[in-house]
Enquirer: 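Right, I'll just put the structure down here and ask away after.
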Amino acid sequence: MTTGRPLRIGITCYPSVGGSGILATALGEELAQRGHEVHFISYERPFRLATNVPRLHFHPVIINDYDLFKYPDYTLPLSVKMAEVSRDHQLDILHVHYAVPHATAAILARSMLPPEQQPRVVTTLHGTDTTLLGRDPGYGPAIRHALACSDAITTVSVFLQRETQRLLAVDTPIDVIHNFFAPRPPRRSRAEVRRDLGLQDEVLILHSSNLRPLKRIDLLLETVARIHPQESFKLVILAGGDFTPFVDIVRRLGLESRVVVRKNVSDIEVYLQAADLGLITSESESFCLSILEAMCFACPSVARRAGGVPEVVEDGVSGLLVPSLDADAFARAVESLIKDPIRRAALGRAAQDRAREKFSAEIIVPRYEALYRRVCAADGKAN
Ligand code: GMT
């Protein structure tokens, strides 16, 4: 339960499969459990958002399709809905996850309201909103403006804090609040899931991502094709995107019997508890929630040493980090853990301890609450 009066918090995020939406959803649920009123505002109900939870509300943004527009606009209807929810529910805070277009919409929403009805705007940057869109001349100035107008900015890693300062020249202090993951009890047993996947003694390697180019699915497949012996593992890909472009690579590499793809899985815990090893071949990650999800189930990952990943995984202690995007180096690291179940289990235990000590809801959610109270106290709104 919260200390101080419960807050009224609006949260906007992408509702579909993706780390920023998962984090925002979990944060909203945790805040509601701690006694705050939480209002999600998005074009769809976030896919992991529980129903029938006290103090948790969802407000859909309706987008009309006008022939006049070549490209449908989301930012304006979103800002109108944000202003409406802020006014009707007297929001203290509008917390937006992923700057584009959410932060811009929040700033616009706030300026539509009279001063006494304006919520404080907190923007959490998750990754490519800085590292990709922040570099784009068509977006960078708008992102910088929205950040400058936000009452607080957070990033999910020190890496992303520095990149935001470097690429967007932001003067406002940026708080680093790492991600957390609050696993739900799996709805099926490990043995059952492994049986369904056709597994016997093979090591289950798990990859979970939206499959975008930055995730380097080509390298992931190239890596597993180089693991010896091939019969020692199966790779399960939890795909939050279209896998069709990679089917030919699977065929060319002769991986048909080694790779299982599951699409748009919402109860990822079912697979996390069945996995032995995570494999992430992304060029960069500001944090990599997928690694943390696996850590919570004592499953260590092999990943590239880049971006914010070293803040999550200590190389050789709670996982293995590979210095470059090299399929052989990834394959040797994975192979070493396939062959050494005792080391794998030790890394997994350390990963789980680290997840609990550094990246649990108990540690992270109070940091967001403290931030909300700080920005509200700045104008005497909530104490
Ligand atoms: O930034 C993105 O590409 C999308 C975003 C998402 O919604 O999954 O991913 C980012 O946010 C996640 C949650 O904070 C992080 O775990 C991911 O590392 C980060 N992705 C990148 O930095 C590429």
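Atoms within each ligand, like the ligands themselves, are counted from 1 in listed order. A quick note: this is a predicted structure, and the numbers were derived from the prediction, not measured.
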Enquirer: By number and element, which atoms of ligand 1 are closer than 4.0 Å to a non-hydrogen atom of Glu285?
Expert: 17 (C), 18 (O), 19 (C), 20 (N), 21 (C), 22 (O), 23 (C)

Enquirer: Should Leu214 be counted as touching ligand 1, given the test is an N or O pair under 3.5 Å?
Expert: no

Enquirer: Pairs of nitrogen or oxygen atoms closer than 3.5 Å, one from Ser284 and one from ligand 1: do any exist?
Expert: no

Enquirer: Quick one: CG on Leu94 to CD on Gln118, what's the gap to the nearest 0.5 Å?
Expert: 11.0 Å

Enquirer: Tell me whether Arg212 has any N or O atom under 3.5 angstrom from an N or O of ligand 1.
Expert: yes

Enquirer: May I ask you to identify, for Asn179, whether its side chain, its backbone, both or neither come under 4.0 Å of ligand 1 on a heavy-atom basis?
Expert: side chain

Enquirer: List every atom of ligand 1 that sits less than 4.0 Å from any heavy atom of Ser286, numbering the atoms from 1 in the order shown and giving each element.
Expert: 15 (C), 17 (C), 18 (O), 19 (C), 21 (C), 22 (O)

Enquirer: When you compare the side chain of Thr131 with that of Ser284, does any pair of heavy atoms fall below 4.5 Å?
Expert: no

Enquirer: Kindly indicate whether the side chain of Phe181, heavy atoms from C-beta on, has any atom under 4.5 Å from the side chain of Ile364.
Expert: no

Enquirer: Check whether any N or O atom of Tyr98, backbone or side chain, sits under 3.5 Å from an N or O atom of ligand 1, and answer yes or no.
Expert: no

Enquirer: With respect to Lys215, determine whether any N or O atom, backbone or side chain, lies less than 3.5 Å from an N or O atom of ligand 1.
Expert: no

Enquirer: Which of these, Leu221, Leu206, Leu255, sits in a side-chain contact (heavy atoms from CB on, under 4.5 Å) with Leu235?
Expert: Leu221

Enquirer: Please evaluate residues His97 and His126 with respect to the criterion ring-ring contact (aromatic ring centres under 6.0 Å, His included), reporting the C-alpha separation (whole Å), side-chain torsions for both, the decisive distance (0.1 Å), and the verdict.
Expert: CA-CA 7 Å; His97 292 262; His126 279 270; 5.3 Å; yes

Enquirer: Return yes or no for this condition: an N or O of Gly21 is under 3.5 Å from an N or O of ligand 1.
Expert: no

Enquirer: Short list, please: which atoms of ligand 1 are under 4.0 Å from a heavy atom of Cys288?
Expert: 15 (C), 16 (O), 17 (C), 18 (O)

Enquirer: Any Lys/Arg nitrogen of Arg354 or Glu357 sitting under 4.0 Å from an Asp/Glu carboxylate oxygen of the other?
Expert: no

Enquirer: Would Gly19 count as being in polar contact with ligand 1, using the rule that some N or O on each side must be under 3.5 angstrom apart?
Expert: yes

Enquirer: Using a strict 4.0 Å cut-off to heavy atoms of Val156, name the atoms of ligand 1 that fall inside it.
Expert: 14 (O)

Enquirer: Under 4.0 Å from a heavy atom of Gly18: which atoms of ligand 1 are those, numbered in the order shown and with their elements?
Expert: 7 (O), 8 (O)

Enquirer: Can we say Arg5 and Asp92 salt-bridge, meaning some charged N sits less than 4.0 Å from an Asp/Glu carboxylate O?
Expert: yes

Enquirer: Any nitrogen or oxygen of Leu289, main chain or side chain, under 3.5 Å from a nitrogen or oxygen of ligand 1?
Expert: yes

Enquirer: Give the single entry among Thr131, Thr128, Leu132 that approaches atom 1 (O) of ligand 1 most closely by any heavy atom.
Expert: Thr128

Enquirer: Say whether Asp129, considering both its backbone and side-chain N or O atoms, lies within less than 3.5 Å of an N or O atom on ligand 1.
Expert: no

Enquirer: Could you label the plane-to-plane angle of the His57 and His59 rings as parallel, tilted or perpendicular, counting under 30° as parallel and over 60° as perpendicular?
Expert: tilted

Enquirer: Can you confirm if the aromatic rings of Phe359 and Phe287 lie within a centre distance of less than 6.0 Å?
Expert: yes

Enquirer: Strictly by modelled atom types, are Thr12 and Tyr98 linked by a side-chain donor-acceptor pair under 3.5 Å?
Expert: no

Enquirer: For His95 together with Tyr368, are the ring centres under 6.0 Å from each other?
Expert: yes

Enquirer: By number and element, which atoms of ligand 1 are closer than 4.0 Å to a non-hydrogen atom of Phe287?
Expert: 16 (O), 18 (O)

